[in-house]
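In what follows, a single structure is set out as structure tokens and then discussed.
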There are 2 protein chains.
Amino acid sequence: MTDRITLKEVAEAAGVHMSTASRALNEETRDVVNAETVARVLKAARKLGYTPNPLARGLRTNRTMTVGMIIPDIENPLFGPIIAGAEARLGKDGYSLLIADADVKDSASVARVIETLIERRTDGLIVATSARKDPIVADLAKRDIPAVLVNRTADSSPLPSIVGDDHAGIGLVVQHLVDQGHTRIGHVSGPHTMSTGHGRYQAFLSWTQSLGIEVDPSAIEESEWYRVEAGLASAEALLKRRPDITAIVCANDLLAMGAYRAVRQRGLTVGSDVAITGYNDIPLLDLLEPPLTSVRVPYRQMGTEAAGLLMAMLSSGSGQDGPISMRLAPTLSVRGSSGPRA
Amino acid sequence: MTDRITLKEVAEAAGVHMSTASRALNEETRDVVNAETVARVLKAARKLGYTPNPLARGLRTNRTMTVGMIIPDIENPLFGPIIAGAEARLGKDGYSLLIADADVKDSASVARVIETLIERRTDGLIVATSARKDPIVADLAKRDIPAVLVNRTADSSPLPSIVGDDHAGIGLVVQHLVDQGHTRIGHVSGPHTMSTGHGRYQAFLSWTQSLGIEVDPSAIEESEWYRVEAGLASAEALLKRRPDITAIVCANDLLAMGAYRAVRQRGLTVGSDVAITGYNDIPLLDLLEPPLTSVRVPYRQMGTEAAGLLMAMLSSGSGQDGPISMRLAPTLSVRGSSGPRA
DNA sequence: GCGAATGATACAATCGATTGCTCCAGCACG
DNA sequence: CGTGCTGGAGCAATCGATTGTATCATTCGC
């Protein structure tokens, strides 16, 4: 490993004491040093290629310029954009991202991973685990650890959070279907134990009601899990019970995939006989036949905002006026799967 | 932030000197200390909830227990499993992963990101950028920085690397198609400026030849980029020139998607009239109609192996006998898109 | 029974940067 | 001309752990 230049060497090269060099190099304290001396130090530092040792600095200042991010299941492509957004934002302030993925299903694993991050003295945390309520959040808040939640509900959370606005997203979908002339609309919801499943279900009820669409319980089917097979089963049950339905709002793209199959199994055509919509707008599903209409959530922006919020917390001494929560507005990607009512 | 227990406090609680406590806590040096004292120290440490300050330790030992990973375009779902695999392996040895994504197209950005990681004193690097040859690799080697390449060619690289065995992968595909009775097989290759594009093209030539399949240049079309549109254009051109072809080997799943469209545009059916195969086996494409036959690359394992190799380098003082390179064997996911010859 | 070997622990330097404090020169003011 | 500021720079403690060396009490060998 290349031998690094230390502050002392820079100081010697500039003919000053370490402490003076340190102050000259540091934006904040630069003004207590003579301008000419500052110039000399800066020049020496540049010439020698000096880069401060973050460990030494961190040891003294108790800041690592590192932020930890806890991801449940990093293989889920959803998190790519969130990470990218956060990383870009953090880089601006000179922070780096320590990634740790935890097993969502195992709450102890999540706790362990968080502990590791804290032991490493990360300055703050971005938590993307998705369980609807777990004690970890409360624990972080109690320990006064700067943390931001991302992509999970804020209800009664003591921590600030950044989430997509599911209510608005479902609104876009329902509105669009109504515009297409649909009046008998069904819903394949996600599991109600998850914040997204529950929230989108509520939003569906709320929007259909306010738009004057009649929805009774027979038009709604709850899936056990966000998987294609579950979507297939739910959509099948739904269509069997309510063959008059002309449009299905799915809580998630995978469920929508299942719905495609269910519609086809009944010998109907997706898009013309039955309109289907998804949620998340994951890549490649626009390649399907017909391409899937879906709600696009600004995941990258979620990452950016979460990081930005954390930066703000860190620079203002963590104590916000109270937990801030942001809901980011989604957009609708209209494609062939949501044609007009036949 | 919670106030942390220091070594000194542990030492006091155990009634020994700091240095003794340090030795007792450290596996390596534990045998110098009286067994009974070790027990006392350990008990005190546990009771107080002592965790060593990694910064102080790193400052002294010059190791951060952190590995940096450079990813081009983290939004590419390909990298999720690689990251997950690496992280899991590193965690075993107490290392953490610092993620940085760089703009592939901007070589200066890559260099800058790497520099940041080095400045942070990461103990080693895992480099996943994919340009076929760039000076950065040589630079890392020259600077004696422990680094492993992942998912990119090793040809003449001075650094160890872990890649998928594209030659074997294409072999699986060609063999399978031949088994299905196909004899007139075309290839939509990736750009030859990229290692994967070039390598798979070469592999295709090699395997068809050794299996006695006649392939002349008219059966091959190079795509400009790994995108659906490019695949569509290439496959179109290919089918127009060689309408007798009954199977198309695509260098990548996205190109295969384009080929689906091209086949359909000619009024033919994918799977029965023309077999199509992809590469990478990205999730969800098994949902297509017909589901895509594709080569599954063990990305997670690539991450694991890369991390393992790096760990080995770090513990053995970096100097390997020479750069090791591993090629991981892919498998074939046979699905409906590659039916028997009509 | 005395010097040497040994085992166990304490002392203190060290890693590299930050920062409170001290020191000093130069200048203004009375 | 002495006192008091003040800007600028040096001194040294400090962060928390690691580690080379010194110290001390035993025990062993002869």
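Only a predicted model underlies this, so the values are computations on that prediction, with no experimental measurement involved. Chain identifiers are assigned alphabetically (A, B, ...) following the order of the sequence lines, protein sequences preceding nucleic acid strands; residue numbering begins at 1 within each chain.
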Query raised in the report: Is A:Arg30 reaching over with its side chain to a backbone N or O of A:Leu25, donor-acceptor style, under 3.5 angstrom?
Result: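 Confirmed, A:Arg30 side chain pairs with A:Leu25 backbone.
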Query raised in the report: Any donor and acceptor pair, going by atom type alone, linking the side chain of B:Thr61 with main-chain N or O of B:Arg57 inside 3.5 Å?
Result: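 Such a contact is found between B:Thr61 side chain and B:Arg57 backbone.
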Report task. Can you check whether any acceptor in the base of C:dT14 is under 3.5 Å from a donor in the side chain of B:Arg60, or vice versa? Result ->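 Per atom types, the contact qualifies.
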Report task. Please evaluate the base of D:dG10 for a donor-acceptor partner in the side chain of A:Arg23 within a cut-off of under 3.5 Å? Result ->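 Yes, the side chain and the base share a sub-3.5 Å donor-acceptor pair.
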Query - Closest non-hydrogen atom pair, B:Glu75 against A:Pro81 - result: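 The answer is OE1-CG, 3.8 Å.
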Report task. Please report the shortest heavy-atom distance between A:Leu97 and A:Gly68, naming the atom on each side. Result ->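 Closest approach of A:Leu97 to A:Gly68: CD2-C, 4.3 Å.
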Rounding to an integer number of Å, can you tell me how far [X] [atom1] sits from [N] [atom2]?
{"X": "B:Asn26", "N": "D:dG16", "atom1": "CG", "atom2": "P", "value": "18 Å"}
{"X": "B:Met65", "N": "D:dT18", "atom1": "CE", "atom2": "C1'", "value": "15 Å"}
{"X": "B:Glu28", "N": "D:dT18", "atom1": "CD", "atom2": "P", "value": "11 Å"}
{"X": "B:Ile5", "N": "D:dC15", "atom1": "CD1", "atom2": "C1'", "value": "16 Å"}
{"X": "B:Glu119", "N": "C:dG16", "atom1": "CD", "atom2": "P", "value": "16 Å"}
{"X": "A:Arg4", "N": "C:dA17", "atom1": "CZ", "atom2": "P", "value": "11 Å"}
{"X": "B:Asn62", "N": "D:dT19", "atom1": "CG", "atom2": "C1'", "value": "15 Å"}
{"X": "B:Arg63", "N": "C:dT14", "atom1": "CZ", "atom2": "P", "value": "23 Å"}

**Report entry** Derivation of the salt bridge (Lys or Arg N to Asp or Glu O under 4.0 Å) call for B:Arg143 and B:Glu115
**Finding:** CA-CA 12 Å; B:Arg143 292 211 272 164; B:Glu115 220 48 52; 2.9 Å; yes
**Report entry** Modelled atom types, side-chain donor and acceptor of B:Arg120 and B:Thr66, under 3.5 Å
**Finding:**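 No, no side-chain donor-acceptor pair sits under 3.5 Å.
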Query raised in the report: If we only count heavy atoms from C-beta on, is the B:Val148 to B:Val127 side-chain gap below 4.5 Å?
Result: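 Side-chain contact under 4.5 Å: no.
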Requested in this report: Kindly check if the number of other-residue, nucleotide or ligand heavy atoms within 6.0 Å of CG (B:Asn26) is above 12?
Outcome: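 Yes.
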**Report entry** Below 4.0 Å: OP1/OP2 of C:dG16 and any side-chain N or O of A:Tyr50
**Finding:**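 Answer is no, no contact under 4.0 Å.
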Query raised in the report: For D:dT18, does OP1 or OP2 lie under 4.0 Å from any side-chain N or O of B:Arg57?
Result: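 Yes, within the criterion.
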Query raised in the report: Which ones in residues 30-37 of chain B lie close to DNA chain C, meaning a heavy atom under 4.0 Å from one of its atoms?
Result: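 Result for residues 30-37 of chain B: B:Val32, B:Val33, B:Asn34, B:Thr37, sorted by number.
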Report task. For a side chain to side chain donor-acceptor pair (under 3.5 Å) with B:Tyr95, tell me which candidate from B:Arg89, B:Glu87, B:Arg63 qualifies. Result ->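 Answer to the side chain to side chain donor-acceptor pair (under 3.5 Å) test with B:Tyr95 among B:Arg89, B:Glu87, B:Arg63: B:Arg63.
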Requested in this report: List in numerical order all residues of residues 6-22 of chain A for which some heavy atom is under 4.0 Å away from an atom belonging to DNA chain D.
Outcome: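 When residues 6-22 of chain A is checked for heavy atoms under 4.0 Å from DNA chain D, the hits, listed by number, are A:Val16, A:His17, A:Ser19, A:Thr20.
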